[in-house]
Each structure stands twice: as C-alpha cells, then as structure tokens.
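Remarks on the structure that follows.
Just so you know, these numbers come straight off a predicted model, no measurement behind them.
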Amino acid sequence: MNQWEKEWQTEQERVNSVVEKAAQKIRQLEAHLGGKKEDVVDIRKNFWEDVTVNLEDADEAIETAASIKQQAELLSELERSHKNAEEQMKSLVRLSDSPYFGRIDFKEKSDTASQQIYLGIASFYDEEKDEFMVFDWRAPISSLYYDYSLGTAEYEAPGGVISGEMELKRQYIIRNATIKSMFDTGVTIGDELLQEVLSRQANPQMKSIVATIQKEQNQIIRNTKGSLLIVQGAAGCGKTSAALQRVAYLLYRYRETLSANQIVLFSPNNVFNSYVSNVLPELGEENMMQTTFQQYIHHHLGISFHLEDPLEQMEAVLTAGEGPQDQTRLASIQYKASLDFMDMIETYISRLRKEGMIFKPVKFRGKALIPAEEIQEKFYSYSPSVSIPNRMKLVSEWLVREVRKFEKAERNEPWVEEKIQLLDKDVYVKLYQKLQKKKQYSDNTFNDFEREQKLLSAYVVSRAFKPLKKRIKGLTFVNLKALYMSLFKEDGVVSPAEAPSKWKEIRLLTAKTLADGELYYEDATPFLYLKERIEGFQTNTAVRHVFIDEAQDYSPFQFAFIQRLFPRSKMTVLGDLNQSIYAHSTGDAFQMMYDRFGRENTERIILTRSYRSTRQIVEFTRELLDEPDKVIPFNRDGEKPVLKQFSASGEHSRAVAETIKQLQNEQVKTIAVICKTEQECKEAHEALKGQAEAELMLKESSSFKQGTLIIPSYLAKGIEFDAVLVYDASKEVYGKDSERKLFYTVCTRAMHELHLFAKGELSPFFDRIPSDTFLAEIK
C-alpha cells in the first residue's frame, strides 16, 4: 500500500467516525424529540386544567394572568426546543451522507502545529473530544478554503485578523459516507471537482454550490461592507447561486438579529422561484420571502385595472412590426421607464399641492352625499405647507364625520324598514340583550315599539354605512385614474420644448388604454408611484436585505421605486447587461443605483468566467457580444454547437423531432426547445405533435420540471438545461439587432449541447460568429 492509499484509508476511517458519531447523536435526538413532542401535546391538551382561573377581584385576576403567562411561556419554550432539535436532526441526516467536502491544514503564526479544518454544509461538534469535527462553510475560518492557495493566508475572526500558513488544501467527493474521489490542490477549487459537478445533468431545482465556490463568488457571499452590492457577470458565471449562498451566509453570521422573513428576493418569474426554492433548505436554512415585482404591483393595483404583465409586454414587443402604433408603444415603454418621467410626476405633485386635485363624490345607495367639488374645496382649505398625504388623512377624517351626520338622518328612510323586516331572529336577541345591559327594559318582554324601532334602525343604517366609511378611510374618494390621465393631457405638465419623442402619440395611447380599464406594464410602476405619493408611501422598514435577480430587466424608475419602498434595507442586485432583453432595458439602471447609493456605500463585483456551458458553447455564444473577450470559458470540453438549415418547413420540424428523440434515447434529463415567442411555442408544439413528446410551458406555469419542454425565450431566462434546441434561428425570427441579446440569452441556457435550426435564410447574427466555432449542415 503506497502513501496515498494509506492517506485515503485514514481519511475514510475519519469519515466513518464522523458518521458514527452523527448516528449516535441522531438516536439521542430521536429519543429527545419523542419526549418533547409528548410534553407539547400534553400541555396543549391540559392547558386550562393547569391554570388557576379566578377573576373575582383585581388581585385574583392578576394572579390568573400570571398563571396563564407562565403556562404559555413553558409551552413556547418546549415548542422552540422541539423545533431546534428537528433542525439539528435534519443537518445530521444530511451530514451522514456527505459529512464534508474540503479540508485545510492551517498553522497560525503563534502556533507550532497546524490545525486540521474540515468543511461541510453545517458544523458538527464532538462533545467527548471537545472539538469541531466539521466546520460550517460559513464560519470565518472557512473563508481560507475559498480565498487562498497554499502559503501565507489570513482570515477575519470576531477578535481580529488571524494570519498564518496554509499547509494543505484537500477536496473530497463523498457519497453514501464513502469517499469517491479525493485530491490535493494548490488553487481555490480544483478543476477535478468542478468538472465532476458541472458535467452532471441539469436538475429541476438549483443545487447548493458550497463545495465549488470560487474566490470571486466568495467575495459576493461574504461581503458586508456597503449598502449596495452590484454583481455583474456573464451568463453561467454563478451570480444567482452565489446570491443564494449569500443569503445563507447572512442568516448564519447575523443569526441573533436576522431572520429569513427579513430578506426579500425579487425574481424574474414564478418558474424561477420554483427552480431556486430548494437551495436554502438544502443548507438547513428557511427560505426567504420570494416574489416577483409583478406580484407586488398586482397586489396593489389588480383590483382596479386589468394589468399587463412583463411577459405579455415582451410578447407584444417581440411580435411588433414597424408600424406607427408599434413604434409609439416602444417609445412609451422607454420614456415611462426613465427617471425623467419620475421627475415629471414630481413636478405634477408639486402642482397638485396648490391646484388640480381630482376627487370622486361620496355616494350612498346611488345618492351623492358629498360632491367632489366640496371635497376639493376642503382639501385646499388646509395650508400648502401640510403634505398631500397628511391633508388626505385630514380630509378622510372630515368625511367620516360628515357621513355620520347623513347616517343619523338616513334612519327614517323607507328602505330601512324593509331591511328591518328581513333581519334574522339572532339579531333581535342580541339587541334585546344589549338593551337589558343598559337597563332600558325592566321586564322580560321586548314591547317598547318606539325604542325597538330606533335601535333596529340605528343597527341597520350603521351596518349599511360601515363599508362606505371603510372605503373613505382607504382614500377611495381620490380619483387616481383621472389624476394619472391628467399627466397626458395636451396642456399637462410637459411643455412642448421638454416633451419626449412621440409625446402626442404616447398621450393618446395611454388615454385610450386607461379609458378601457387597462394598465400597460410600463404604466404600472408610475401609476403606483403617483398613488403612493398622494396617499403616503407604504414603506417596509422590517426588511433588512433585498435581492434583485436579473436586475438588467428593471428600469431606472422601478429601481428608484424599490429603493423607496425598502428605505432601511441593504440591496444586492445581480445581472448581465448582455442579457437585457426588455424594451425598457437601457443599461442605465446599474449606474443609477450606483449614483443613488454613492461610491462609498457601493461594492461592485464583475464575474467574467462562465461555468454553465462547455468551452465550445461559450466560444460560440460570446461572439454574439460586443466584447467577446470579456467572457472566459471554464475548461470543460464538449461538442461544438450544431446548426441545421432547411428550405422546407416539414423537413425542419422532422429534424427537430429527430434530435429530441435522439437526446431522449441518450437519457438526457432536461431538454428545452426554445422559441422566441409564446405564439411560436404553440406553433412548434403543433408541428412536433405525433413526432416527438414535449410539454408546452407558458407563463401560466408555476414550476420547472424535468423532461422535454417547449418554452418561450423570456421564460427560459435564469434557468439551465442539459440540451437546448433553438427552434428557429432564421432571419425572419431573429432579424433585428435589438434581438441579438435575446438570441444570446437563449443560446446560453445550454449546459452540454446546443442545436440550432433555421427555416430559410439564417439570422444575420451568424455573420459575427466564426465558422470554426460550430458545425453547419445545410439541407
């Protein structure tokens, strides 16, 4: 047995020892959990039997309250202990399969011997030996593994910087408690481990990358310096993975003061939410709040309008022609995404402080109680120095008082008697009991007709007016739709000299859609911003960290809105300007965020190495960019992309079907037939029917599945597939230069194989790509 084999045997014995100790701990926890569960059930069952309830006097009531509080605290502590034990059990079960993935031998300057540090997804402490057998990958000392090669190294501990010498760095692949691979390396993460991980097939859910975190990704994960962290990187560079590990790190480092419900992730769509939902639970952490910006908008405006979502907007833009109406829509999208439009709304707000506020009359049963003009007069009766939201609150309180006067007068109206006749018997009983408590009846009969009618009338009218008072408190008397439409009047805020391109056409288009009860996606954020500025901004001060993925798809207006929404939150924004596929994406949003937070509060990290795709696929896709040399492929070999060009439609669909079947026979797990639009997806699904099995995945889908999918380009963003088939790479489909980034995004979804098919003339994008980077077949 040579030295390496002896080393391997020693390491396997250590794995066995860790797994055995973990098994012992699991058995202890199982016994502990069983007892705790019984205690919890018992206390819940007998809660009131164990509490002395006596409310005869103040002292007895205080004693009763103390008894209830003591019992509740005991129950709460038992439940907390039970939950902690369950979480510990889950960590130990994961550890039993693969206890760790790395080891470093580190000798501090002041020490004579080095310390062996084993890294895993969670810490494991041996109480008998009084030492850590496994360190959590997020522990301060673990950063050595990610940031340094052999030689001088240091890490930041709570007590200061610890310097020393890294003498060994070892990496493992452990499955079912058996070392499958082990190697020493002088770099951060050995190519062998990355090759093994990256060569696997895609999964329907993103996995943790803690074993393969690169130095530049570790900078993202452990960054705690500024208020804004901007991460820009090429497709497949691991931005999203690093961001999710960053969430886990923050929850670990600030576990005493930060919880998962204080972190929000804005993701591109619900499919993406499903795709990333397993990463944090895999690391033993609760998922943070996940939402899309559209869900937030819909929550606030969905009742008032038929809202267009961003995918519908994308579909409209991608299917647009060159006509005047299509060009107006594009101009409208771009202007309403800008900070210039936000400034225009602010100018409008300033004007509304003095004049122009529009209200709705307060009505009850179709009758106007308080005209809109009277409300406007009351609003402007307050000093201009009082903010608009504060004046709205004062007007609301005044309206409620006025409505109460009408409420009293309404009791004698004929409709009230009709409602009284329809009341349930239970209502009569409750009212009788109420009168008895007030000692208004001396006997057991309910025979004072006049008093009865007054009470019943008051009850009926009060119940009828209750929704109206609630609406008034909700400021529904403000005519927000009319106020927003006023922005687009001919004599509105914008002077002819300041008007953007196609302003007249934009005004007419916006007025028409609003009149139809619709709100385009580009109007949703500005409309909500105007609403918040008038009613008072609903800021969220509880959220401490906001993560925005695919940040290049957000407009400057949307970024400014989100920043105002979470004023106390630190922000992490991740994106790739080369994947800016929305019409409002100008590249200014990142710079705008940088300017708003300030240089001293901002960290910017740029990732250039692409890990997702094979070297051959990256060498092909990066040529679509203006600066291809800024994307560096990881050295994982595969097949060159294949282009097949056809003159006949039938031959085209047969070739796509044959490629699908071939990949399926090869047991490829995730295959994506990516089309440009939803309409093209439906056409492809129809053309492939009977030739190959594939599931149509549109924006209504809520989860990412394994198998063969037909999916539109914009829905595939942020997801990776074993094989990608670009359904039609012809000039007819991808002919505009504005679609080049979309084409790049589509092609970069492929991990191992990329197949491109074209009906007729090729997309002009192929003129940019050297012919030796792909295999071409013309039929």
List the atom of [X], the atom of [Y], and the distance in Å for their closest heavy-atom pair.
{"X": "Ile121", "Y": "Phe101", "result": "N-CE2, 4.3 Å"}
{"X": "Ile179", "Y": "Tyr172", "result": "CD1-CD2, 4.4 Å"}
{"X": "Val134", "Y": "Tyr100", "result": "CG2-CD2, 3.8 Å"}
{"X": "Leu607", "Y": "Ile220", "result": "CD1-CD1, 3.7 Å"}
{"X": "Arg14", "Y": "Met133", "result": "NH2-O, 2.9 Å"}
{"X": "Gln616", "Y": "Arg636", "result": "OE1-O, 4.0 Å"}

Could you work out, with side chain to side chain donor-acceptor pair (under 3.5 Å) as the rule, every residue matching [X], not counting sequence neighbours?
{"X": "Thr152", "result": "none"}
{"X": "Asp97", "result": "none"}
{"X": "Glu7", "result": "Arg170"}
{"X": "Glu603", "result": "none"}

Looking only at atom types and distance, does a side-chain atom of [X] sit under 3.5 Å from a main-chain N or O of [Y], one as donor and one as acceptor?
{"X": "Ser142", "Y": "Arg138", "answer": "no"}
{"X": "Ser569", "Y": "Val546", "answer": "yes"}
{"X": "Ser96", "Y": "Val19", "answer": "no"}
{"X": "Thr708", "Y": "Ile671", "answer": "no"}
{"X": "Ser123", "Y": "Asp136", "answer": "yes"}
{"X": "Arg749", "Y": "Ile719", "answer": "yes"}
{"X": "Asn540", "Y": "Ala542", "answer": "yes"}
{"X": "Lys239", "Y": "Gln232", "answer": "no"}
{"X": "Gln217", "Y": "Cys237", "answer": "yes"}
{"X": "Gln664", "Y": "Glu693", "answer": "yes"}

From [atom1] ([X]) to [atom2] ([Y]), nearest 0.5 Å:
{"X": "Ile26", "Y": "Gln28", "atom1": "CD1", "atom2": "CD", "value": "10.5 Å"}
{"X": "Ile711", "Y": "Ile674", "atom1": "CD1", "atom2": "CD1", "value": "7.0 Å"}
{"X": "Phe597", "Y": "Ser227", "atom1": "CZ", "atom2": "OG", "value": "6.5 Å"}
{"X": "Ser98", "Y": "Asn176", "atom1": "OG", "atom2": "CG", "value": "9.5 Å"}
{"X": "Asn601", "Y": "Lys570", "atom1": "CG", "atom2": "NZ", "value": "9.5 Å"}
{"X": "Gln552", "Y": "Tyr554", "atom1": "CD", "atom2": "OH", "value": "10.0 Å"}

Test: [X] and [Y] ion pair at under 4.0 Å:
{"X": "Lys180", "Y": "Glu11", "result": "no"}
{"X": "Asp105", "Y": "Lys107", "result": "no"}
{"X": "Lys717", "Y": "Asp553", "result": "yes"}

Is there side-chain contact between [X] and [Y], with heavy atoms separated by less than 4.5 Å?
{"X": "Tyr146", "Y": "Trp137", "answer": "yes"}
{"X": "Ile162", "Y": "Phe106", "answer": "yes"}
{"X": "Tyr254", "Y": "Arg544", "answer": "no"}
{"X": "Ile562", "Y": "Met571", "answer": "yes"}
{"X": "Phe266", "Y": "Thr292", "answer": "no"}
{"X": "Leu168", "Y": "Gln116", "answer": "no"}
{"X": "Val724", "Y": "Cys747", "answer": "no"}

Test side chain to side chain contact (heavy atoms under 4.5 Å, CB included) applied to Ser610 - qualifying residues, sequence neighbours left out: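 Ser610: side chain to side chain contact (heavy atoms under 4.5 Å, CB included) contacts with Val618, Val631.
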
Within 6.0 Å of CD in Glu128, more than 12 heavy atoms from elsewhere: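 Atom CD in Glu128 is not crowded, with 12 or fewer foreign heavy atoms closer than 6.0 Å.
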
Residues Arg27, Glu20; criterion salt bridge (charged side-chain N to carboxylate O under 4.0 Å, His left out); working and verdict: CA-CA 11 Å; Arg27 288 192 290 271; Glu20 176 53 37; 3.5 Å; yes

Distance-only polar pair, side chains of Asn261 and Ser259, donor-acceptor under 3.5 Å: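 Yes, because at least one side-chain N or O of Asn261 sits under 3.5 Å from a partner of the opposite role on Ser259.
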
Donor-acceptor pair between Asn16 and Gln12 side chains, under 3.5 angstrom: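 On atom types as modelled, these side chains qualify, holding a pair under 3.5 Å.
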
Stepwise side-chain contact (heavy atoms from CB on, under 4.5 Å) check, Trp4 with Met182: CA-CA 10 Å; Trp4 183 248; Met182 182 178 87; 3.5 Å; yes

Gln290/Phe547 under side-chain contact (heavy atoms from CB on, under 4.5 Å): CA gap, chis, key distance, verdict: CA-CA 9 Å; Gln290 290 176 239; Phe547 286 73; over 6 Å; no

Identified side chain to side chain contact (heavy atoms under 4.5 Å, CB included) counterpart of His545 within the set Leu251, Val264, Leu250, Leu229: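 Passing option: Leu250.
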
Glu156/Arg222 under salt bridge (charged side-chain N to carboxylate O under 4.0 Å, His left out): CA gap, chis, key distance, verdict: CA-CA 11 Å; Glu156 192 171 331; Arg222 295 174 188 262; over 6 Å; no

Residue list, salt bridge (Lys or Arg N to Asp or Glu O under 4.0 Å) with Lys25, at least two apart or on another chain: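 If we apply the salt bridge (Lys or Arg N to Asp or Glu O under 4.0 Å) test to Lys25, skipping adjacent residues, the hits are Glu127.
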
